[in-house]
Amino acid sequence: MTLNDAYSYALNCLEKNAVDEADFKSLCLVCTLAGINNSEFRLHKEDYFEDYILTEPLLRLINGEPLQYVIGKWDFYNSTFFVGDGVLIPRPETEELVELALTVAKEYDSPIIYDLCAGTGCIGVSVAKELANSTVYCVEKSKEALKYLDKNAYGVSNVSVVEGDITKSLNLPAADIIISNPPYIKSGDIPSLQSEVGFEPSMALDGGEDGLAFYRAINSLAMDNLKSDGTLLLEIGNEQGKSVPEVLTNFAVCEVKKDMYGNDRMIKAKFR
Ligand code: GLN
């Protein structure tokens with residue numbers, strides 16, 4: 001079978017099973033299995049392809065598993081991150097938090113930065129790669145997520161991976177910038193999420209009864225771990241533009257920022 005045959009076969013299978021974005025998923029799958037980028041497909045269309053390697057990933061896609069888990073990687077900001085069962089898939093909105101962090105970081109010399117609830121490390125690793133003079137601590141509690149975080153941080157010399165629980169203060173040098181995209185969905189809303197999200201770990205989504213548990217924890221942790229002229233940068237849910245500033249009781253200045261879709265999405269907070 002050629003790559004082109006494999007693509008047509010995958011497309012046909014996914015369409016028959018009413019899988020959405022069948023076209024894009026087939027292309028990503030075949031290219032990943034062939035070890036090429038999507039943009040190289042045309043060039044390699046007639047190359048030989050071992051057809052049996054398609055079966056298992058196609059079954060997973062038909063079963064509703066997210067494409068990102070099946071191909072095991074996803075692009076975010078300027079890098080590709082390893083992803084899979086047990087870790088949250090990086091979202092495009094979160095790239096805007098990276099951009100905000102890079103702008104804020106210009107205000108500090110050799111900043112010490114934390115990425116709390118780091119997951120894949122997409123935020124912390126992206127920031128560290130852009131800012132060679134920064135020191136970034138990616139803090140994560142889940143053992144499953146840490147496996148991906150370790151791989152994603154490998155070789156990035158200014159990133160340290162820290163296994164830790166952000167509901168307690170952290171034994172790390174005080175930070176100039178704390179960044180976090182913590183779990184922020186209300187526990188009661190989790191069962192009704194889009195079906196693909198059902199494959200992602202509830203630990204990475206569940207923000208407690210009111211969705212604010214981790215913002216409260218970060219509000220306390222900042223007292224011990226953020227320098228007095230430090231900046232807190234958070235991703236929030238689109239309905240949390242009022243509630244998150246309310247729980248950030250230790251911060252006198254709280255700015256809500258919108259994402260590219262015009263939804264409330266980020267908070268920039270300072271003690272004074
Ligand atoms: N910080 C990671 C991300 O933005 C993981 C977030 C999480 O697990 N809630 O993708």
Side-chain angles (χ1 to χ4, degrees), residues 66-69 72-102 113-130 136-153 156 159-167 170 175 177-187 189-190 193-194 196-208 210-218 221 232-240 244 257 259-260 263-268:
L67 171 70
Q68 294 91 331
Y69 280 9
K73 58 179 189 171
W74 200 238
D75 291 343
F76 176 90
Y77 207 72
N78 289 329
S79 308
T80 302
F81 288 85
F82 293 106
V83 299
D85 208 15
V87 74
L88 197 82
I89 299 163
R91 307 290 204 267
E93 304 88 278
T94 307
E95 293 181 330
E96 296 188 59
L97 187 63
V98 170
E99 269 160 14
L100 179 61
L102 295 175
I113 301 174
Y114 300 172
D115 174 7
L116 304 181
C117 307
T120 53
C122 63
I123 301 171
V125 171
S126 298
V127 168
K129 283 186 175 175
E130 297 292 322
V136 178
Y137 296 95
C138 288
V139 183
E140 177 54 56
K141 180 167 89 171
S142 149
K143 293 242 185 303
E144 284 301 304
L146 280 162
K147 290 186 208 158
Y148 298 95
L149 180 52
D150 279 332
K151 280 167 80 178
N152 289 324
V156 188
V159 172
S160 301
V161 172
V162 178
E163 180 173 358
D165 180 352
I166 68 152
T167 61
L170 298 167
I177 303 173
I178 293 181
I179 318 171
S180 184
N181 174 23
Y184 57 64
I185 298 171
K186 292 180 188 163
S187 310
D189 290 345
I190 295 207
L193 294 173
Q194 215 182 311
E196 282 195 357
V197 181
F199 283 87
E200 293 186 271
S202 61
M203 187 174 161
L205 299 164
D206 192 339
D210 63 1
L212 301 170
F214 289 92
Y215 299 110
R216 284 193 194 89
I218 293 169
L221 176 144
L232 174 65
L233 300 172
L234 299 171
E235 181 169 324
I236 59 168
N238 56 0
E239 288 165 358
Q240 293 176 320
V244 174
K257 295 187 179 279
D259 63 18
M260 57 196 149
N263 294 319
D264 286 348
R265 185 63 62 200
M266 289 163 286
I267 301 268
K268 177 182 173 190

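Read the numbers this way: they start at 1 and go in the same order the structure lists the ligands and their atoms.
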*Quick one: which residue pairs count as a salt bridge (charged side-chain N to carboxylate O under 4.0 Å, His left out) with a foot in residues 137-147, not counting sequence neighbours?*
Lys143-Glu163, Glu144-Lys147

*Are the side chain of Ser187 and the backbone N or O of Gly208 linked by a donor-acceptor pair below 3.5 Å?*
yes

*Can you tell me if Tyr148 uses its side chain to pair, donor with acceptor, with the backbone of Asp85 under 3.5 Å?*
yes

*asked:* Which label fits Phe81 and Phe76: parallel for a plane angle under 30°, tilted from 30 to 60°, or perpendicular past 60°?
replied: perpendicular

*Taking Arg91 as the fixed residue, which of Glu96, Glu200, Glu235 is the one that meets the salt bridge (charged side-chain N to carboxylate O under 4.0 Å, His left out) rule?*
Glu200

Close N/O pairs between ligand 1 and protein, under 3.5 Å:
| from | atom 1 | to | atom 2 | distance (Å) |
| --- | --- | --- | --- | --- |
| ligand 1 | 1 (N) | Cys117 | O | 3.0 |
| ligand 1 | 1 (N) | Ala118 | O | 3.4 |
| ligand 1 | 4 (O) | Asn181 | ND2 | 2.8 |
| ligand 1 | 9 (N) | Asn181 | O | 3.2 |
| ligand 1 | 9 (N) | Ala204 | O | 2.8 |

*Do Glu93 and Asn181 have a side chain donor and acceptor closer than 3.5 Å?*
no

